[in-house]
> 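Below are the structure tokens for one structure; questions will follow.
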Amino acid sequence: MSVILKGAPVVAAMNEANAARCAALREKGVVPTLAVVRVGAREDDLSYEKGVMARCAKVGVEVKQFLLPADAAQEELLGVIACINADPAIHGCLLFRPLPRQFDDRTVRAALAPEKDIDGITDGSLAGVFTNTALGYPPCTAQACLEILKFYGIPLSGRRAVVVGRSLVVGKPAAMMLDRENATVTLCNSRTRDLPEVCREADIVVVAMGKAGAVGAEHLREGQVVVDVGIHVNEEGKLCGDVRFGEAEPLVEAITPVPGGVGTVTTSVLVSHVVEAAEKTV
């Protein structure tokens, strides 16, 4: 039986730290503030927004909402972003994507100042991840993987890590962040030859393929740590990950659950980015 790397204890620790940091900032007259920018009212956006606002309230981060109708013009959204960039009282911005079809995603992302990009969506933030500089912030889900590994005391330096999935949201930034911790990283994708064999060579396997149940016992061995980033609804209507948990859990040393793993930590990472951005203004 493996150790289950639950997200809840990680979240509790991050909440406590963020609350203390917010209190210290408020004593200096700085109120950490997040701008939430949403176009339209998609159900998944509304659900995530509700969770973000609750997490912010819990630790002392203020939230300002900028809500536009689904048929808003791109110029209107760019105007909102320009106001956020120019407002020193707003420390971070969460822009919900994907945007409606009338928007050019690249143009909108480029308009946001990297120092306020707490969700790692701008080219500047990604450049910061790849160059290991303090420009912007890493994508929250990628950092959540690292937060879990560090919280549970899993050594990274000198260990072999395989990241399955090469998106700019998780796979590539997670690989760079593991490399920063002196892990030896192999970045794989759906066309990687002999993927099961490559995965079995790793000490740490981060799976972000975006395909339910893509990784199973044939990819894994004893002694590994598995971080499952995927979240899907299976044929039975239950949440599941990219890893076939029932096959992996009896085999590996430790594994994140779905639900209750990486996803639960992501919001706390976003909040910590807002706090960090506010600290940089003091």
Side-chain angles (χ1 to χ4, degrees), residues 14 17-18 21-22 24-25 28 30-37 52 56 61 63-64 66 77-99 103-150 156-157 161 163 165-183 185 187 206 208 229 262 265-282:
M14 294 183 73
N18 285 331
R21 294 164 69 191
C22 284
L25 284 166
K28 298 176 181 178
V30 177
V31 179
T33 301
L34 169 68
V36 171
V37 181
V52 167
C56 285
V61 171
V63 178
K64 292 185 177 181
F66 297 83
L77 176 57
L78 292 176
V80 168
I81 293 174
C83 290
I84 291 170
N85 288 341
D87 190 343
I90 294 177
H91 304 101
C93 176
L94 170 61
L95 171 64
F96 281 100
R97 298 162 56 240
L99 295 163
F103 294 93
D104 180 73
D105 185 75
R106 178 173 294 181
T107 298
V108 173
R109 286 189 293 109
L112 180 61
E115 60 268 21
K116 296 195 177 186
D117 174 25
I118 45 78
D119 201 23
I121 66 170
T122 63
D123 290 348
S125 286
L126 291 172
V129 173
F130 280 75
T131 60
N132 194 18
T133 55
L135 178 64
Y137 298 89
C140 294
T141 303
Q143 185 172 335
C145 298
L146 274 292
E147 295 290 344
I148 290 173
L149 293 171
K150 291 180 180 180
L156 301 176
S157 181
V163 178
R166 55 183 172 180
S167 76
L168 289 174
V169 177
V170 184
K172 288 180 179 176
M176 292 299 100
M177 295 169 78
L178 285 164
D179 175 76
R180 191 181 305 171
E181 298 295 329
N182 298 312
V185 185
L187 182 61
V206 177
V229 181
V262 175
V265 180
T266 299
T267 304
S268 289
V269 171
L270 184 141
V271 173
S272 70
H273 285 170
V274 179
V275 178
E276 183 179 342
E279 289 171 337
K280 290 179 179 178
T281 67
V282 177

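Quantities reported herein were computed from a predicted structural model and do not represent experimental measurements.
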> Mind checking what makes side chain to side chain donor-acceptor pair (under 3.5 Å) contact with N132, not counting sequence neighbours?
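N132: side chain to side chain donor-acceptor pair (under 3.5 Å) contacts with R180.
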> By the salt bridge (charged side-chain N to carboxylate O under 4.0 Å, His left out) test, which pairs, at least two apart or in different chains, include something from residues 170-179?
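For residues 170-179: none.
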> By side-chain contact (heavy atoms from CB on, under 4.5 Å), which residues pair with T267, not counting sequence neighbours?
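With sequence neighbours excluded, T267 shows a side-chain contact (heavy atoms from CB on, under 4.5 Å) to Y48, V52, R55, given in chain and number order.
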> Step by step, work out the side chain to side chain contact (heavy atoms under 4.5 Å, CB included) result for L112 and V37.
CA-CA 11 Å; L112 180 61; V37 181; over 6 Å; no
> Under the rule for ring-ring contact (aromatic ring centres under 6.0 Å, His included), what residues qualify as partners of H91, not counting sequence neighbours?
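If we apply the ring-ring contact (aromatic ring centres under 6.0 Å, His included) test to H91, skipping adjacent residues, there are no hits.
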> Would you name the heavy atoms of L135 and G124 that are closest together and state the gap between them?
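Where L135 meets G124 most closely, the heavy atoms are CD2-O, 3.3 Å.
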> Output the distance between atom CG (L270) and atom CD1 (I118), rounded to the nearest 0.5 Å.
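Answer rounded to 0.5 Å: 3.5 Å.
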> Quick one: do L25 and V275 satisfy side chain to side chain contact (heavy atoms under 4.5 Å, CB included)? Show the steps, please.
CA-CA 9 Å; L25 284 166; V275 178; 4.1 Å; yes
> Using a 3.5 Å distance criterion without hydrogens, assess whether the side chain of S125 forms a donor-acceptor pair with backbone atoms of I121.
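Answer holds: no.
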> Please list, chain by chain and in numerical order, all residues satisfying side-chain contact (heavy atoms from CB on, under 4.5 Å) with P138, sequence neighbours excluded.
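Only V129, Q143, M177, H273 meet the side-chain contact (heavy atoms from CB on, under 4.5 Å) criterion with P138.
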> Only pairs at least two apart or in different chains count here, so list each salt bridge (charged side-chain N to carboxylate O under 4.0 Å, His left out) that has a residue in residues 267-280.
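Listed by first then second residue: R21-E279, E276-K280.
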> Would you mind listing every salt bridge (charged side-chain N to carboxylate O under 4.0 Å, His left out) that reaches into residues 107-117, with sequence neighbours excluded?
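Pairs touching residues 107-117 that pass the test: D105-R109, R109-D123.
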> Taking C-beta and beyond as the side chain, do P139 and L168 meet within less than 4.5 Å on heavy atoms?
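SC-SC contact between P139 and L168 ruled out.
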> Determine whether more than 12 heavy atoms belonging to other residues, nucleotides or ligands lie under 6.0 Å from atom CZ of R166.
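Count not over threshold, so no.
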> Using 0.5 Å steps for rounding, measure from the CG atom of L77 to the CZ atom of F66.
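Atom-to-atom, L77:CG and F66:CZ are 11.5 Å apart.
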> Do L95 and D119 come within less than 4.5 Å of each other through their side chains, counting heavy atoms only?
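Side-chain contact under 4.5 Å: no.
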> With rounding to the nearest 0.5 angstrom, report the CG to CG distance, L34 to L94.
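Taking CG in L34 and CG in L94, the distance rounds to 6.0 Å.
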> Considering residues at least two apart in sequence or located in another chain, which fulfil the side-chain contact (heavy atoms from CB on, under 4.5 Å) criterion with V63?
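Listed in chain order: V36, M53, C56, Q65.
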> According to side chain to side chain donor-acceptor pair (under 3.5 Å), who are the partners of S157, at least two apart in sequence or on a separate chain?
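Counting only residues at least two positions away or on another chain, S157 forms no side chain to side chain donor-acceptor pair (under 3.5 Å).
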> Between C145 and V229, what is the shortest heavy-atom contact and its length?
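Nearest pair, atom of C145 first, then V229: SG-CG2, 3.6 Å.
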> Do you know which two heavy atoms are closest between A161 and L178, and how far apart they sit?
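Of all heavy-atom pairs spanning A161 and L178, the closest is CB-CD1, 4.1 Å.
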> Begin from the C-alpha positions of L146 and L156 and carry the test side chain to side chain contact (heavy atoms under 4.5 Å, CB included) through to its verdict.
CA-CA 10 Å; L146 274 292; L156 301 176; 3.8 Å; yes
> Measure across L78 and A111 and return the closest heavy-atom pair with its distance rounded to 0.1 Å.
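Residues L78 and A111, closest heavy atoms: CD2-CB, 3.7 Å.
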> If the condition is side chain to side chain donor-acceptor pair (under 3.5 Å), which residues does T281 pass it with, not counting sequence neighbours?
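If we apply the side chain to side chain donor-acceptor pair (under 3.5 Å) test to T281, skipping adjacent residues, there are no hits.
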> Which residues pass the side-chain contact (heavy atoms from CB on, under 4.5 Å) test with D87, not counting sequence neighbours?
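D87: side-chain contact (heavy atoms from CB on, under 4.5 Å) contacts with K64, A89, I90.
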> Any pair with a residue in residues 141-150 that passes salt bridge (charged side-chain N to carboxylate O under 4.0 Å, His left out), sequence neighbours left out, goes on the list, sorted by first then second residue, please.
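For residues 141-150: K150-E181.
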